Amino acid sequence: MTIETNEEHNIPKVYDPAAVEKKWYAYWEKNHYFHVEVDKNKEAFSIVIPPPNITGQLHMGHALDNTLQDILIRWHRMMGHNTLWMPGYDHAGLATQIKVEEVIKREEGKTRYDLGREEFLKRVWQWKNQYGDRIVNQLKCLGVSCDWERQRFTMDEGCSQAVREVFVSLYEKGLIYQGSRITNWCVNCNTALSDIEVEHADEAGHLWYIRYPVVGEEGTYLTIATTRPETMLGDTAVAVNPEDKRYGYLVGKTLKLPLTDRTIPIIADSYVDLKFGTGAVKITPAHDPNDFEMGMRHKLENIVVIGMDGKMTAEAGIYAGQERYECRKNIVKALEELGFLVKIEELTHAVGHCQRCHCVVEPLVSKQWFVKMEPLVKAAVDCVEDGRTQFVPERFTKSYTNWMDNIHDWCISRQIWWGHRIPVWYCDDCGEVIASRTDIDKCPKCGGHVHQDEDALDTWFSSALWPFSTMGWPEKTDLLKQFYPTSVLVTGYDIIFFWIARMLVMGMEFMKEIPFHKVFIHGLVRDSQGRKMSKSLGNGIDPLEVIDKYGADTLRFMLITGNTPGNDMRFYWERVDATRNFANKIWNASRFALMNLEGYDKDAKLAPYTLADKWILSRLQDTEKDVTDFLENFELGEAGRLLYEFIWGEFCDWYIELAKPRLYNKDNPTERATAQHVLCEVLGSAMKLLHPYMPFITEEIWQCLPHEGDSIMVSSWPKYQEDLVDQEAEDGMSAIMDATKAIRNMRAEVNAAPGRKAPAILLVDADLKEVLETNASYIKLLATVDKLTIENNNNNKPQNAMTTVVNGIEVYLPLKGLIDVEKESARLNKELETLSKEIKRIEGKLGNAGFLAKAPAEVVAKEKVKSGEIGQKMMAINERLEYLKTL
RNA sequence: GGAACUAUAGCUCAGACGGUUAGAGUACCACGUUGACAUCGUGGGGGUCACUGGUUCGAGUCCAGUUAGUUCCACCA
C-alpha cells in the first residue's frame, strides 16, 4: 500500500471535534460495532448500565460513570472478548410521577386525581415516549458504546414479568408481607417511603418542657420534654426508666393530659434515658417509631392526631384541620397560657426529610407491603465477605456489610400510580388475598369479584433485578448463561444501599449466584469549590456544554485523569483547557506524521533501527504493559496519565524531533521509510491504547494512518512485544536526553541566544562513549550545538567553560567571554551545596552497619553507585571553582 | 453515638510491594514565531509531604494518638 499525500493538504492546525465526533458515532452504529451476539468460544465481559431515569438529563455524574464503563468496555472489546454493555433506562416511579404531575398542573391546571389513574398513566407513557430517549441521545454524544440494539426499560414487558415473578415468589416464601406499621410518610408526595429515602439533617429546634398533672395528687406534676408538642394530643402514656429513683413512686399512677380530657398512665420502660430531658417521656405510639414499639410492649392505644395530609385529625379536637406546624404554635401558646409550659431549651436534632421533595417526613401508621430482609441478607453478605464479589476500592465493603448487618425490613409499596402495580388482588366476596404472576379477574377460591391493590412498587424493586431481568430472566436464556454474573458494576458510592445491596440480595436469592464480580465505585463530581452540583445552587455544569465546546474526548479524559477511584473530584475549566490542549497535541503530532508520509510504503525495505527508533519502540512496550496493568486494576486515571506522558513527553518531545532529519531527507529513501514506519507504528499503537479514553480523535487519526481493518474500535489491543524491549537503547537515550537537557540548562542560565549554535564538550565514561559518539547528531540537533566533542573523562578538563555533571557525563560549554565569573561561581557553589547534602545522607546510610546488613544488596549497590556519581560531580565542580578563582 | 475518607508546590491532584535528589497539570518568571502544534517550545523559581509519638537499617508511604475538614450510618424524646 502506498500513501499519497499532498503537501498542500489542508488538515486544520486546530482540532475541531464537532464534525469528527458525529461522523464516527454514526459510522460505528451503522456498522453495528456496539452490538454483540453470544460467542461461547470467547471469554465473556459484561456490564449492565446503571439505568438513567427517563426524566433525567445527562449530568456530570452520568458523564463520569458512563465514561468509566465505556473505557472498560472498549478495552475488553479490543482484547477480543465477547463484550456486552447492556443499556436501558429506569421508569423512576415517584420522580417521574412528580415531574409529569408538575407539567400537567402547569399546562392544564389539573391534578392526577382530576385525570384519574388510567388517563394519568396514559400521559406518563406519552411523556416517556417523547422524552425517554433524550438521555440516551445525550449519552451517545459522550461516545459510549452500549449495545443499543438490546436497550431495555424497567417497565418493558420482560422486566415487568421479572418483577411479578420475584414479588409472587417472595410472597409465597413468606418473605413479602403486608402490615400496619409505622413508616416514613411524605405528606407532600403522599406516599410511604423506605428508610433510606429519608435524609436526616441536623436542624435547630426546641425542647419544650411541659408538666402533666398527676391525677389525685393536687399540685403534683410530672414534667416531660418534647421536640414535638403537637403530638401530645395523641399521647397514651408517659414513660420513665424503672431504675429512676426520682419517679419510681409514680409508676402505675395516671396523669391528666393537658388540653384534653383524657388521662394517661405512667409506665416504666428501660428504653427511657435517665439523663435526657427530665427522664420522663411522653409516649405517642401513632407518631413516633420508638413510641410505637413501646406502645406494642405496653399494649397502649394508638391515637392518630396527624393525618396523611399533614393536618391534624378529628382526634385533635379543636385543633382538627390545622397544619401540623401551625398546630404546634397554637399548642405551645395554649400550654403557656394555662401554665403547663415550664421552659424552652434550644436543641439541634436530626430531622428526616423526603429525598424527593425535601419536606419533613412524618412517621405514620399505615398499611404497607414489606420485604422481610433478614433471611435474605446472609447470602448477599457472605458473597462479599468471601470475595466472590469485590468492591473496588475495597474500603466500601465495610459500609456495605455494616449496613446489611443492621438491615430493616424494606417498605416496597408506594401510594403512586406510575410504576409496577402490586400484583395482589383482594376478593370482595370472601376476602381472599391473591398474589399472582398474571392478571386475574375473579377469585380463584370463590369466583367472586376481585380488585387489584392500588399501590405501585418502589422503583428500586425493579432496579434490583436489572442484572438478570435485562438478560431475559425468568427464562433460561443464552444471554444469561454467557453474561451472568456480569463482570463489573460501575456506579457512585451514593447508591450502594439503594441499588448495589438490593441487586446482591435479589441476585443471590433468584439466580443463586452473584450479580457481578466487581463493584467499581467512583465518587461525585463537585464544583470548583467542592460543593455538590445542584439545580438549586445553580452551580451545575452541563456536560453537553463541555462536549459542544471542547468535544467528548476532552471531557472524558478530563473526568478520568487527575483523581483516584472512589474519591470525589472537582470540576475545573482549567483542567478542561489542559486536556483540550492534549487532544490538540495529538492532533498535530498526527498532522505532522501525515505531512511526512508521502510515498510511504508499508512493505518497503527498512534500514536498521536507529537508537531513537529502538528507544521509542521499547518505551511503547513498557507503556503497553503498564497501561494494561493499570486497567486491570481499575486504575484508569493512572493509565491515562501514563499515556499522556508517553505521547507528549516522549513521542512528541523527543521522538518526532529526532525523526525529522530522516523524514525531511528524501535523498535517503530507506532511512526515510524506516522513520515513517516507526512513526506510524508508534502513533498507531498509541492511538489504540488511548482509544478507550478518547474514542473519536483516535478513530479519526487511525483512519488517516495506514491501517488494517475498518475501525480502531474493533481493532486489536496492542500486544506487549518482548523482542522490542531494549534496555540498552533506553539507557543510551537517557544519557543523551540528560546531556541535552544539561546543555540547554546551562545555555539558558547565561541567556545564550537559543537559536544560535555553540560548541559543547562531553567527558564520559568509556561505556557511554560509543553510544554518544554514534548519536552525537541527536544532541547537536536538540541542544543547538554545532561542534560536539566527546572524550574520555580522564582527559584534561576544558578551561574557560561552564560545567555540570549528569548521569556520568561531564558537560562543558565553552562560552568565550560569556562567563560572568561571579555568577558562575555562585551557581556552582549552590549546586555543590545540594550535592553535599545529598552525599552526606548517602554516606550516612552507607556508614550504617544496620543498613549494610539488613537492606537488600540491590538497594545498597544503588546507593554506592549514587555516591560515586555524586563524588564525581563534586570533584568536577570543585576543579571548576578552583579554575574560576584564577581568572 | 458509631464509621469511613481527606490533609503532599499558590491552586487542583498523582505518588503499587516502605529504599527516586517527592511528581504532573495549572498559575508564576525568563527566553523563543528554525517547515506538527503559541491550544506551542526551552529553561526556571516554588514543598521541613497537617501535628506528635512509635515500628524499622530506612517512613510522604506502616501503626497509635492529636488537630482540621468532608461524608455516611444511627429510633434518643
Side-chain angles (χ1 to χ4, degrees), chain A residues 7 11 13-15 182 196 200 207 224-228 231 239 271-273 275-278 280-284 288-293 347 349-350 363 395-396 398-399 402-403 406 493-494 496-497 523-524 528 530 561-564 566-572 574-575 577-596 629-630 633 635 637-638 641 644-645 649 652-653 656-657 660 664 741 744-749 751-755 782-784 834-835 837-838 841-842 845 848-856 858-860 862-863 866 870:
Chain A
E7 295 275 345
I11 306 171
K13 277 189 175 186
V14 172
Y15 175 59
I182 193 154
I196 45 176
H200 294 272
L207 196 55
I224 56 94
T226 181
T227 54
R228 304 198 55 196
T231 63
Y271 162 80
V272 180
D273 181 349
K275 292 187 281 295
F276 191 91
T278 62
V281 193
K282 62 190 269 315
I283 304 300
T284 323
D288 181 282
N290 299 310
D291 293 7
F292 184 79
E293 293 293 316
L347 178 80
H349 61 141
R395 67 182 136 92
F396 291 103
K398 206 168 174 182
S399 71
N402 277 350
W403 188 75
N406 299 301
Y493 58 68
D494 48 335
I496 291 178
F497 305 141
L524 271 36
S528 62
T561 49
N563 75 325
T564 29
N567 286 351
D568 291 352
M569 72 172 309
R570 297 187 190 198
F571 185 97
Y572 270 85
E574 289 89 331
R575 294 197 39 226
D577 279 335
T579 313
R580 185 267 320 267
N581 294 352
F582 177 50
N584 196 54
K585 186 76 183 179
I586 299 167
W587 180 250
N588 277 289
S590 312
R591 204 164 75 94
F592 169 81
L594 294 172
M595 289 165 92
N596 290 284
D629 283 351
F630 276 129
N633 292 309
E635 298 271 6
E638 284 295 280
R641 184 183 57 78
Y644 182 100
E645 282 173 5
C652 292
D653 288 350
I656 286 186
E657 292 309 320
K660 278 178 180 174
Y664 291 160
K741 283 187 263 190
R744 285 170 172 172
N745 176 333
M746 284 193 288
R747 291 173 58 109
E749 290 274 352
N751 277 328
L782 297 178
T784 334
T834 15
L835 289 174
K837 260 188 222 157
E838 182 59 16
R841 199 181 62 82
I842 294 175
K845 269 189 179 181
N848 183 331
F851 176 71
L852 295 174
K854 294 185 181 173
E858 206 180 283
V859 174
V860 176
K862 213 160 115 191
E863 292 296 325
K866 220 189 295 172
I870 293 173

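Small disclaimer: the values here were computed from a predicted structure and weren't measured. Residue numbers start from 1 in every chain, and the chains themselves are labelled A, B, ... in the order their sequence lines are given, proteins ahead of strands.
Residue A:His200 contributes atom NE2, which lies 14 Å from atom C1' of B:G1 at whole-angstrom precision. Between A:Asn402 atom CG and B:A4 atom P the separation is 9 Å, expressed in whole Å. Rounded to whole Å, atom C1' of B:C73 lies 14 Å from atom CZ of A:Phe396. As rounded to whole Å, 10 Å separates atom P of B:A77 from atom CG of A:Asp273. The distance between atom NZ of A:Lys282 and atom P of B:A77, rounded to the nearest whole Å, is 12 Å. Here the P atom of nucleotide B:U71 and the CG atom of A:Asp568 are 9 Å apart, to the nearest Å. Counting to the nearest Å, the C1' atom of B:C40 and the CG atom of A:Asp577 are 15 Å from each other. Between A:Asn406 atom CG and B:C72 atom P there is a gap of 18 Å when expressed in whole angstrom units.
Here A:Phe276 lies in heavy-atom contact (under 4.0 Å) with a base. Using a 4.0 Å heavy-atom distance criterion, A:Ser399 is classed as making no nucleic acid contact. When heavy atoms are screened at a 4.0 angstrom cut-off, A:Asn567 is found touching the sugar-phosphate backbone but no base atom. Residue A:Arg580 is classed as a base contact, given a heavy-atom separation below 4.0 Å to a base.
The closest donor-acceptor contact from the side chain of A:Arg575 to the backbone of A:Thr561 lies under 3.5 Å. A donor-acceptor pair under 3.5 Å links the side-chain atoms of A:Asn848 to the main chain of A:Gly850, judged by distance alone. Checked by atom type and distance alone, the side chain of A:Asn588 pairs as donor or acceptor with a backbone atom of A:Lys13 at under 3.5 Å.
In plain terms, the two heavy atoms of A:Ile870 and A:Leu835 that are nearest each other are CG2-O, 3.9 Å. Counting all heavy atoms, side chain and backbone alike, A:Thr284 lies closest to A:Thr231 at CG2-O, 3.3 Å. Taking every heavy atom of both residues into account, A:Gly755 and A:Thr784 meet most closely at O-CG2, 3.8 Å. Taking both residues in full, the closest heavy atoms of A:Thr278 and A:Ile224 are given as OG1-CA, 3.7 Å, listed atom of the first, atom of the second, then distance.
Remark: the A:Asn290 side chain and the B:C75 base include a donor-acceptor N/O pair separated by less than 3.5 Å.
An OP1 or OP2 oxygen of B:A14 is reached within less than 4.0 angstrom by a side-chain nitrogen or oxygen of A:Thr564.
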So if I define the base as every atom that isn't primed, P, OP1 or OP2, how would nucleotides 23-36 of chain B read as a B/S/- string at a heavy-atom cutoff under 4.0 Å? --S-----S----B
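In this structure, A:Lys660 forms a cation-pi arrangement with A:Phe592, its terminal cationic atom sitting closer than 6.0 Å to the ring centre and no more than 45° off the ring axis.
Using C1' as the reference atom, B:G58 and B:A22 are 16 Å apart when rounded to the nearest Å. Comparing B:U33 with B:A27, their C1' atoms are spaced 24 Å from each other, to the whole Å. Atom name P, nucleotides B:A24 and B:G43: the rounded distance is 12 Å, in whole Å. Separating the P atom of B:U66 from that of B:G23 is a span of 34 Å, rounded to the nearest Å. The separation of B:A14 from B:U8, taken at their C1' atoms, amounts to 10 Å, rounded to a whole angstrom. The separation of B:G25 from B:A64, taken at their C1' atoms, amounts to 36 Å, rounded to a whole angstrom. Spacing between B:G18 and B:G60 at atom C1', rounded to whole Å, works out to 10 Å.
Searching all strands for a Watson-Crick or G-U wobble partner of B:G45 with both distances below 3.5 Å returns nothing. The pairing partner recorded for B:C62 is B:G54, the criterion being a Watson-Crick or G-U wobble arrangement whose two distances lie under 3.5 angstrom. Partner assigned to B:A74 is none, using Watson-Crick or G-U wobble distances below 3.5 angstrom. Nucleotide B:G25 forms a pair with B:C11, judged by Watson-Crick or G-U wobble geometry with both contacts under 3.5 Å. Look at B:C40: its Watson-Crick or wobble partner, with both distances under 3.5 angstrom, is B:G32. In this structure, B:G18 makes no Watson-Crick or G-U wobble pair, since no nucleotide meets both defining distances under 3.5 angstrom.
In this structure, A:Lys862 places its NZ atom where only 12 or fewer heavy-atom neighbours from other residues, nucleotides or ligands lie under 6.0 Å away.
With B:A77, B:C73, B:C57 as the choices, the nucleotide that has an atom nearest any side-chain atom of A:Phe497 turns out to be B:C73. Comparing atom distances between the A:Lys398 side chain and each of B:A4, B:C76, B:C73 picks out B:A4 as nearest. Considering only side-chain atoms of A:Arg570, the nucleotide from B:C13, B:A77, B:C73 that sits closest is B:C13.
A:Tyr493 and A:Asp568 form a side-chain donor-acceptor contact under 3.5 Å, judged by distance and modelled atom types alone.
Residues A:Glu749 and A:Val14 both approach RNA chain B. Their nearest nucleotides, taken by heavy-atom distance, put A:Val14 toward the 5′ side.
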Collect all protein-nucleotide pairs involving nucleotides 18-21 of chain B in which both atoms are nitrogen or oxygen and the distance is under 3.5 Å.
unit_1 : atom_1 : unit_2   : atom_2 : d
B:U20  : O3'    : A:Lys866 : NZ     : 3.3
B:U21  : OP1    : A:Glu838 : OE2    : 3.0
B:U21  : OP1    : A:Lys866 : NZ     : 3.2
B:U21  : OP2    : A:Arg841 : NH2    : 2.7
B:U21  : OP2    : A:Lys866 : NZ     : 2.6
B:U21  : O4'    : A:Glu838 : OE1    : 3.3
B:U21  : O4     : A:Lys873 : NZ     : 3.3

